[in-house]
Amino acid sequence: MTAALLSLTLAFGLVTGQFAPQQAASEPLAPALEERVQKLGKTLRCAVCQGLSISDSPSSMARAQLDMVRELVSEGKSDQEVVEFFVSRYGEWVLLEPKAEGFNWFVWLGPVALLVVGGFVIWRQLQQGPALEATATSPSAPAAPGATPSAADDADPYLQAVRRELER
C-alpha cells in the first residue's frame, strides 16, 4: 500500500513537472570575470537560505541573484557598484559582512567586549580564590587550648560576647 502511494506521488510529480530539474544558470564569463563574479557572490547573502552566500546556495533564488551579478559584471560595473545595487534592492542585510559603521559596531565589537569581560571575570576569580579560601579555613579551625586570641578576635563584639558567656 505504501509503495503504491509513493509510486503515485512520484508519477504525479513527474507529470506535473514538480520534480523537473531547475533551469541551468547563465553561461559563465571569461575566467577573470567569472572569478570576480564568484568573489562577489561570496560576499552577498542568499535571500532564501539566509546563512549562505549566493555562490554556495543551491536555491533557484540564489542562482538568479548570481546571474544578476554575472550580468552586471559583464556590463562593466565595478565591484562596489554591484554591491550597491544589491544593497539598494535588499538592504544592508544582503551583505554577509556588514559595514563597520553606526549601529553595526555592536556586531563587530560585541564578541571582543564579551571576551574581555569574561577574561576579567576569570582573572578576578583567580586572584580572589586563594584569599577567600585562606580566610574561610582559619575561623573554622579549632583554636588550640591555651592559645591567645588575636587582635582581630578582640575587635569582634560577637566573639567578645561569646567569650564572656563561656567564662561564667
With a 4.5 Å heavy-atom cut-off, do [X] and [Y] have their side chains touching?
{"X": "Y90", "Y": "R45", "value": "no"}
{"X": "T43", "Y": "L95", "value": "no"}
{"X": "R89", "Y": "M68", "value": "yes"}
{"X": "R70", "Y": "L66", "value": "yes"}
{"X": "Q38", "Y": "E34", "value": "yes"}
{"X": "M61", "Y": "I54", "value": "no"}
{"X": "R36", "Y": "D79", "value": "yes"}

Straight-line distance of [X] [atom1] to [Y] [atom2], nearest 0.5 Å:
{"X": "E84", "Y": "L72", "atom1": "CD", "atom2": "CG", "result": "12.0 Å"}
{"X": "S55", "Y": "R63", "atom1": "OG", "atom2": "CZ", "result": "7.5 Å"}
{"X": "F86", "Y": "E92", "atom1": "CZ", "atom2": "CD", "result": "15.5 Å"}
{"X": "W123", "Y": "Q128", "atom1": "CH2", "atom2": "CD", "result": "9.0 Å"}

Using the rule that Ile, Leu, Val, Met, Phe, Trp and Tyr join whenever any side-chain heavy atoms are under 4.5 Å apart, tell me whether [X] and [Y] fall into a single cluster.
{"X": "V116", "Y": "L109", "value": "no"}
{"X": "V37", "Y": "F85", "value": "yes"}
{"X": "V69", "Y": "L52", "value": "no"}

Residues forming a side chain to side chain donor-acceptor pair (under 3.5 Å) with S57, sequence neighbours excluded: S59

Fellow cluster residues of L114, listed by chain then number, with links counted only when side-chain atoms sit under 4.5 Å apart: none

